[in-house]
Asks: 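What follows is a single structure, and I will ask about it in a moment.
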Amino acid sequence: MKIATWNINGIKARQENLAQWLETEKPDIVCLQEIKSVDEGFPSATFEALGYHVETHGQKGFNGVALLSRRPPEDVSRGLPGDDEDAQSRYIEGVFSVAGGVIRVASIYLPNGNPVDSDKYPYKLGWMARLREHARTLLALEEPLVLAGDYNVIPRPQDCHDPAVWAGDALFLPQTREAFSALIGLGLTDAVMAGSDDGGQYTFWDYQAGAWQKNNGIRIDHLLLSAEATDRLTATAIGKDVRSWEKPSDHVPVVGTFEFDWV
DNA sequence: ATGGCAGTCTCGGACTGA
């Protein structure tokens with residue numbers, strides 16, 4: 001079973017792109033971020049025609065997350081717990097029946113946090129604290145768990161082309177990286193790191209300044225796994241080739257392959 | 001050396017992102 005995450009940067013602008021990728025990659029569950037659409041505006045029919053069930057948690061204009069899956073989830077929850085005042089659509093979680101039990105998968109669009117001297121950075125750190133609390137609750141279930149998404153966190157210096165450029169950025173500040181470490185420290189495994197801890201395994205290249213051509217990228221899209229999921233992980237891949245397609249997203253997919261089967 | 005993008009909502013340009 002393949003479980004993927006992809007910040008699609010606008011589902012309406014990326015419909016053809018995503019459909020083509022689904023047909024070639026054939027993932028079983030896809031976590032999308034930045035759909036930039038309300039639920040009613042999501043072009044579900046396109047993906048249903050390809051055999052996917054669609055669950056969305058949208059918002060007008062920006063943010064928004066979704067789950068595409070070969071089989072419908074048994075249960076879906078929308079929004080990250082811990083703050084009823086938070087109106088931004090950045091979290092959707094589904095529980096899927098698989099042979100021998102269930103697998104729980106969340107699509108996460110963690111706040112960017114820039115500029116650092118605005119209220120956006122405290123919002124990011126608060127959101128990360130809430131995510132850690134929720135992850136703690138989910139890990140206590142002792143289930144296969146995949147927390148997949150655009151974390152807007154560069155975990156290590158070797159996860160960007162030029163650390164000096166990112167030194168003061170919300171994606172790389174010590175507090176940001178410490179919060180990410182604390183999340184991992186609950187007992188999660190970074191799927192890409194489980195395969196190889198090499199630097200330069202980028203998942204995002206800016207549209208500006210020829211970043212793709214210069215390989216000026218960053219690794220910010222992550223699959224974080226519970227032990228029960230890590231035990232079944234057989235491979236992790238970054239779908240770098242889609243960045244060179246026509247009208248690409250600035251992010252590329254990260255795909256984990258697991259020894260799970262649909263019921 | 002410098003500046004360089006793109007999507008949404010909506011039809012001009014503000015807002016957002018990383």
Side-chain angles (χ1 to χ4, degrees), chain A residues 5-19 21 31-44 46 56-66 86-91 107-128 148-177 179-180 200-222 238 240 242-254:
Chain A
T5 182
W6 194 3
N7 180 320
I8 202 73
N9 190 20
I11 190 61
K12 283 168 275 193
R14 219 69 62 203
Q15 203 179 148
E16 298 305 319
N17 219 308
L18 177 57
W21 181 75
C31 301
L32 298 174
Q33 300 87 35
E34 278 206 90
I35 63 172
K36 295 186 174 180
S37 171
V38 292
D39 295 334
E40 313 81 70
F42 194 98
S44 299
T46 299
T56 60
H57 183 37
Q59 181 180 339
K60 188 176 179 178
F62 55 106
N63 299 332
V65 287
D86 185 0
Q88 299 189 29
S89 297
R90 296 178 172 277
Y91 187 93
S107 180
I108 291 167
Y109 179 42
L110 205 145
N112 174 301
N114 284 308
V116 169
D117 60 2
S118 73
D119 56 5
K120 293 186 178 183
Y121 193 56
Y123 174 68
K124 176 178 191 152
L125 293 177
W127 209 94
M128 293 183 85
D150 175 0
Y151 279 77
N152 272 316
V153 175
I154 301 167
R156 313 171 302 167
Q158 57 267 50
D159 295 317
C160 62
H161 185 261
D162 183 0
V165 168
W166 294 96
D169 195 281
L171 278 64
F172 192 60
L173 279 175
Q175 272 193 87
T176 304
R177 292 159 60 197
F180 187 74
Q201 301 186 82
Y202 305 139
T203 64
F204 170 93
W205 294 261
D206 201 290
Y207 289 122
Q208 300 186 66
W212 168 245
Q213 288 74 13
K214 296 174 189 168
N215 194 29
N216 178 11
I218 52 179
R219 187 172 73 90
I220 56 174
D221 299 273
H222 309 298
I238 296 171
K240 190 175 176 179
V242 304
R243 188 63 179 77
S244 62
W245 290 8
E246 286 296 308
K247 273 188 61 118
S249 169
D250 39 8
H251 296 251
V252 300
V254 181

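A, B, ... follow the sequence lines: proteins, then strands. Residue 1 opens every chain. All values below were derived from every heavy atom in this structure, side-chain atoms included, with hydrogens, water molecules and symmetry-related copies excluded.
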Asks: Rounded to whole angstrom units, what separation is found between the CD1 atom of A:Ile8 and the P atom of B:dA18?
Replies: 14 Å
Asks: Let me see the working for A:Asn63 and A:Ser89 under side-chain hydrogen bond (donor to acceptor under 3.5 Å, both in side chains), right down to the final yes or no.
Replies: CA-CA 6 Å; A:Asn63 299 332; A:Ser89 297; over 6 Å; no
Asks: So does A:Asn9 get a side-chain nitrogen or oxygen closer than 4.0 Å to the phosphate oxygens (OP1/OP2) of B:dC5?
Replies: no
Asks: Around atom CD of A:Gln213, are there more than 12 heavy atoms from other residues, nucleotides or ligands closer than 6.0 Å?
Replies: yes
Asks: Identify each atom pair where a protein N or O and an N or O of nucleotides 1-4 of chain B are less than 3.5 Å apart, giving names and distance.
Replies:
none

Asks: A:Asp221: what forms a salt bridge (Lys or Arg N to Asp or Glu O under 4.0 Å) with it, not counting sequence neighbours?
Replies: none
Asks: Pull out every residue in residues 153-160 of chain A that has a heavy atom closer than 4.0 Å to any atom of DNA chain B, ordered by number, or say none.
Replies: none
Asks: Should the ring pair A:Trp212 and A:Trp205 be called parallel, tilted or perpendicular, given that the plane angle runs from 0 to 90° and is split at 30 and 60?
Replies: perpendicular
Asks: Give the rounded distance in Å between these two atoms: CG of A:Asp162 and P of B:dA18.
Replies: 20 Å
Asks: Can you tell me, in whole Å, how much space there is between the C1' of B:dA18 and that of B:dC5?
Replies: 11 Å
Asks: Can you sort out the partners of A:Thr176 under side-chain hydrogen bond (donor to acceptor under 3.5 Å, both in side chains), two or more places apart, ordered by chain and number?
Replies: A:Tyr121
Asks: With salt bridge (charged side-chain N to carboxylate O under 4.0 Å, His left out) as the rule and sequence neighbours excluded, what pairs involving residues 161-175 of chain A come up?
Replies: none
Asks: Roughly how many Å apart are B:dC11 and B:dC15, using the C1' atom of each and rounding to a whole number?
Replies: 16 Å
Asks: Which sits closer to the 5' end of DNA chain B, A:Ser37 or A:Asp250, going by the nucleotide each is nearest to?
Replies: A:Ser37
Asks: How many whole angstroms separate atom NZ of A:Lys60 from atom C1' of B:dA14?
Replies: 14 Å
Asks: Assign each of A:Pro111 and A:Lys36 to its nearest nucleotide of DNA chain B by heavy atoms, then name whichever residue's nucleotide is nearer the 5' end.
Replies: A:Lys36
Asks: Taking all heavy atoms of A:Gly58 and all of A:Asp39, pick out the closest pair and write down the distance.
Replies: N-OD1, 2.7 Å
Asks: In this structure, how many angstroms lie between the C1' atom of B:dA18 and the OH atom of A:Tyr207, rounded?
Replies: 11 Å
Asks: Quick one: side-chain contact (heavy atoms from CB on, under 4.5 Å) partners of A:Lys60, sequence neighbours excluded?
Replies: A:Val38
